[in-house]
Amino acid sequence: MGKKQAGTGPLSRRPDNSAFKQQRLPAWSPSLTPQTVLPTFYILSLVCLLLGIWLLITVEYTYELKVDYTDAGTCEQCFNLRKHAIDSSTPCKCTVSFHVPKTFPGDVFFYYGLRNFHQNLRRYMDSRDDAQMVGRKNNLKAPSSYCAPFDYDANGKPIAPCGAVANSMFNDSLTVMYNPTDGSKIQVPLYRKGIAWYTDKNVKFRNPPTNNTFSLQQAFEGTTRPLYWQRPVYELDDIDSNNNGFINDDLIVWMREAAFPNFKKLYGVLNRAQGPFTEGLPAGNYTLSINYNFPVEPFRGRKELVISMVTWFGGQNYFLPIAYLVTSGLILVTAVVLTTVFVKVGKKGKNMEE
Amino acid sequence: MDGACFRETLRTRRRWPDVMAIWKKDIRIALEEERHVRANDRDYNERFSYADNRIKTAKYNVFTFLPINLFEQFQRFANAYFLVLLILQLIPEISSLSWFTTIVPLVLVLAITAVKDATDDYFRHKSDQQVNTRQSQVLIKGKLQNEKWMNVRVGDIIKLENNQFVAADLLLLSSSEPYGLCYIETAELDGETNLKVRQALTVTSDLGDDVAKLADFSGEVICEPPNNKLDKFTGTLCWKDNKYSLDNEKMLLRGCVLRNTEWCFGLVIFAGLQTKLMQNCGRTKFKRTSIDKLMNTLVLWIFGFLICMGIILAIGNTIWEQKVGSDFWEYLQWKELTINAVFSGFLTFWSYIIILNTVVPISLYVSVEVLRLGHSYFINWDRRMYYSRKATPAEARTTTLNEELGQVEFIFSDKTGTLTQNIMVFNKCSINGKTYGDVYDEFGHKVDITEKTPCVDFSFNPLMDRKFRFHDSSLVEAIKLEEPLVQEFFRLLALCHTIMPEERNEGELVYQAQSPDEGALVTAARNFGFVFRSRTPETITLYEMGQAVTYQLLAILDFNNVRKRMSVIVRNPKGQLKLYSKGADTILFDRLDPSNEELMFTTSEHLNLLGATAIEDKLQEGVPETIACLTLANIKIWVLTGDKLETAMNIGYSCNMLRDDMNTVFIISGHTMLEVQQELRTAKEKIMGPSKDKFSSGLDMEKTELYSSDSVFEETIIAEYALIINGHSLAHALEADLEQILVDVACLCKTVICCRVTPLQKALVVELIKRHKRAVTLAIGDGANDVSMIKTAHIGVGISGQEGMQAVLASDYSFAQFRYLQRLLLVHGRWSYHRMCNFLCYFFYKNFAFTLVHFWYGFLCGFSAQTVYDQWFITLFNIVYTSLPVLAMGLFDQDVNEQYSLRFPNLYRPGQLNQLFNKRKFFTCTLQGVCTSFILFFIPYGAFMTAVRDDGAHISDQQTFAVTIATSLVIVVSVQIGLDTNYWTAVNHFFIWGSLAVYFAILFAMHSDGIFTIFPNQFPFIGTARNSLNQKIVWLVILLTTVVCIMPMVAVRFIKADLYPTQTDKVRLLQQATRKQGPQEQNLRRVRRTSSRRSAYAFAHQQGYGELITSGKNMKKEEELALVFNMRK
């Protein structure tokens, strides 16, 4: 066999003496020694404890208020009206009163919350066409098959925006009135724009190309609005024409599908420019008036208004501080057990000696 | 050996697990019952369309590669499974994942395998090409022409010259030697290196080398169809209205080499793939390791688990659809989905099978193969297993068995050529009561003979053999003083043998010896001035101290196993008749004349002792040390040898397997079944002690079995016993009634030696242990007689660098020296096993942690088979993000370095006990995976239920959730592999940190604006990475998840190592302590050789050429020589 090799002699076929081939690469061999493991446990426990306390304190100073208006106040009648899809076009308005016990200092955020609404079902989530929403003309006229059966209407007209997600967009409009003790009514001013992610607003959602002579409406010509919508997509915002089409903030927020069946989505941010709202949302009585369009009765859902403050790590969230504290405790217990075992039972590693 | 096969084409390539060794294209003519071959008549022979002499072992060509290779690959269960998944994914109703999530890994796996197969086939093409283009001389149209082998046809007459390979299966027609004799070496066919004689029919041998006559030869051969029987051939030659019967003695088979014959002519009967050699190269049976088998079982279990999960989720979906879903679809007016909850459940089942498919890891098999290949390369590259004297590196010929090297419990070793060098050295002799051969210094102390001891100068003798070494000069002085007994002694050695001399040039003698010890004796006589120069049927010519002396050879009584001696009767020039006899000491002592008279010249039972010789078959280097070390590793070593009892025992003593301080050495040599049974029972009773009588006596097999399976009991026997069993006794002991007690006794003994065993018995012994002990067996040997055992054992090791190729070709691993076995098992084997087990544990853990998150999510998303992760993440997780760190661990990890592996052989124990990866371990690591997935899902879930971004925008959307969990997962499994890695080389660092870096790089790339603008529907996660990974809450969640997933594991490992440290833990600690102190002088263990030397007489145990010599058939002299003085009655 050796004859086939080039060259002969006793060393002709000797393997190379490289560290790699001889499996002698320099290496670091860490191991779980008590000197490293026990301190790690104590330090981690401390870190978790500190984080937990910090988070807990932060959360303690944030307030959140939930107003379930599904069938509260005068909304019961609207709730019943919306049971039937036939009456979907009939407008219905109602009001719900609520009380804010403590002033919400600083920035205040208004969310609409839905319960038992499954935005995370596979078929539902897939039922959208991102290519259409980025303004591609082809997809505007011929939506993706993923949108089926919400891609074309009964007359074969393409739907824009297509798909089940867009079709079921939350379309209640909420107005909050502040009722100070003097009996006056002040509308709580909300920023209704800038509530979506920057990337969504500027990259993911784009209108079909328009220019001075070619309006948005013309761009959407040949398409029809989704079945459940009262207005076409290019007329979603009747105040700000730049907020129409696929780049409408509410649409964008809605299209970012929630991971769980109970969720809240940003509706508006308190405008603190004037009035009694410069310091935040004052304590007192409020009225929520609703243009009640979104039916929840068919799927036994609930809807609510959530008013909340925001901290450095997000909104009011008790889970994280408690989870950190519990983890800290468990690690501490483990550390103590490990230490005891090591010192008492394991006889300080005497087991390790031969 | 029957059925043995030399794989011509295997020389240049490596075996692959799932590649047939030889691709047999079935071009055999259907039902060929008889073969008709007419010499020199191509037209006639072509009518039968026999195979031509081109061999094709390659499987593919450029065009057939893709279809055939793909077809083969999809025959594998895993690949077929993923193909089915792929098809399922194309059905929109159940497609829960995009097609690319499966096709990308599948294509990658297929591509890696295809590249591997293609490389393999390329080498096969090359080797085919090399064989096919060898030159041979073919008689075409009355002229000898050079032709390539592949152009040789059935019916051609070809001429072979000395030392040429036989090109096809030939009928010998004529040769340069008298009587149409020719000699062939069949080493590459059956491994036997001695020459065999073939003889042509007289009618054809008269054709000689007359080309014209040969061209006119028009005989027709009618013979059997192609078959694989190497030792049988039946046929008839019809020529000139006569019929001559043909047998195997007239055939030259492909793969043989012509020796000692100037030329010969042959008629091609079988060519190419129809030759007996190629017919023997069937599909090689591939050995599978126990891990392999376990892995297959586990994959089936996982598969079952997958189906269970699918069913649970499908039922969940049905219930959910009835209670919640139907209302929701109703509200959406999605008619297609409102139809039937049960049907929806059915679809969901398939959807979940698709998304949970990653629990059956597609890359598992490919990764395992890559690991084993890597480990095999490390074996090939190991300089410490390279034998520079023969320029032979170790070679892993099979790449599928590496981890089994770490689990060996029984080693079955051949003796000759494996433990010993099979180089017979004339060491000492005793003549007339004086011993020659030892060297003494000036003070009269015996000096150990080493390489440096000065050798005796034989320059007075021009015919000496330069390689011969002797250290005691007193013998030469005795020769020079012409002491008559010394002369007579060497005269005997020069006369009494069956060696054939060959003198190519003047004074350049080469001896063709039937056995190496005979050669050693005659070579010794040659150097001491009694040169055996030539022989004729009735004479032997010696050069005695330069003088030519011719003896009349009257008779040869050849050696055989019963008489155990050989004798010659010669008449010296003075006219004296002498009988010289040499043989085994035990036999000859009986025949010595009690009185010390003159030499007897009759064949009576009274002979005179001239002297005794000591021939040493030297042990290979380091054999006793290796055996001692392997014994410490709790590996039982059995020696299975064809040698006789005394020789085997002596080797046993010299390599420390037998020691004087052993309690008892049981020798089983009964000739009947009852005797053997009695001997075995006695042995067992003695070992177990009288109190155990009630178990061992009688036929209480059940209890006996109970005992034998109780390994703890076996170990409590402190006393050391040895068992030596003879071949004929073994034949009885291997019968069904006795095999249990044989196994019991043998396993209670420290050492087992079986002598006088046949190759078949070797295999049977291995089979016995495989069956009864369920232990991993390794057989090591060098010769053709070891092939059956090598093939039977789980692992076969061949000693390479020797004459015969047979053992090496049948083996899985080969190296040049027995002592490398220690390194192969204790270092490479142990590492391989350790790495493979850790790899598998981690692999299953990783896949469960990754996949089961979908299961938990099912309970929140209405069991709709919505995936948690981005589809691209699913595609890349196994093949990009997490494959390399674990591969690096599987390739480079060293729990204990090589020095400590060798210093503490008991580190080998976990492998034998199968402790590092078994069903329990599998459950542990999958459970860890399940827990990890639970934590990975529910901590982010808890946090995200109420979370918003720090700018108030919502963050609990599915995409952010996906990115958070994916990032946590990648970090957790990276930390876990970090914990599992004991040996962080630069490569490990690079792969682990690199994988994390690549994860983030790909994440941001896939979520970038650019790629979304091009493919908006394929990359809907635009901006998610940026918008979520800049949130503190996401990192808080990732940190918490990682801590909660990892810390319990750390605690468990720490406490385990603290309370119940394994041997490995201890040695690691020691190793680290030593490293801190700095390297210490290593005290190499020296094995003491206390054994008392016994008389060793290794003697040829095959019949020699005696009859051939006296019949004169092989002599070139033309005179009729009829004198045969045959003493045998």
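Any value given below was found using the heavy atoms of this structure, including those in side chains, with hydrogens, waters and symmetry copies removed. Below, read A as the first sequence line, B as the second, and so on, with proteins coming before strands; counting in each chain starts at 1. This is a predicted model, so every value here is computed, not measured.
L325(A) pairs by the side-chain contact (heavy atoms from CB on, under 4.5 Å) definition with L49(A), I53(A), L56(A), not counting sequence neighbours. With sequence neighbours excluded, the residues satisfying disulfide (SG to SG under 2.5 Å) with C147(A) are C162(A).
Options L38(A), D130(A), L55(A) differ in how many heavy-atom pairs under 4.5 Å they form with chain B, and the most are formed by D130(A). Counting heavy-atom pairs under 4.5 Å between each of C861(B), A953(B), P1020(B), P1048(B) and chain A puts C861(B) at the top. Contact count against chain B (heavy-atom pairs under 4.5 Å) is highest for V203(A) among T327(A), V337(A), V203(A).
Using a 4.5 Å cut-off between heavy atoms, F961(B) contacts chain A through its side chain alone, with no backbone atom that close. There is no contact between K1056(B) and chain A, counting heavy-atom distances below 4.5 Å. If you measure heavy-atom distances from Q1071(B) to chain A, you find no contacts under 4.5 Å at all. For N988(B), no part sits under 4.5 Å from any heavy atom of chain A, backbone or side chain. Both the backbone and the side chain of V1050(B) come within less than 4.5 Å of a heavy atom in chain A. Looking at A962(B), neither its backbone nor its side chain comes within 4.5 Å of chain A, counting heavy atoms on both sides. Of the atoms belonging to H1007(B), not a single heavy atom falls under 4.5 Å from chain A. If you measure heavy-atom distances from E336(B) to chain A, the contacts under 4.5 Å come from the side chain alone. Neither the backbone nor the side chain of I379(B) comes within contact range of chain A, judged by heavy atoms closer than 4.5 Å. At a 4.5 Å heavy-atom cutoff, the contact between F944(B) and chain A is made by backbone and side-chain atoms alike. Heavy atoms closer than 4.5 Å to chain A are found nowhere in T348(B), neither backbone nor side chain.
No hydrogens or angles considered: a donor-acceptor pair under 3.5 Å links the side chains of R122(A) and S351(B). Checked by atom type, the side-chain pair N982(B)/S31(A) shows no donor-acceptor distance below 3.5 Å. In the model, R383(B) has no side-chain atom that pairs as donor or acceptor with a side-chain atom of Q22(A) under 3.5 Å.
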Trace of the side chain to side chain donor-acceptor pair (under 3.5 Å) decision for N1017(B) with S144(A): CA-CA 9 Å; N1017(B) 276 335; S144(A) 154; 4.6 Å; no

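The CZ atom of R13(A) sits 14.5 Å away from atom OH of Y387(B), with the distance rounded to the nearest 0.5 Å.
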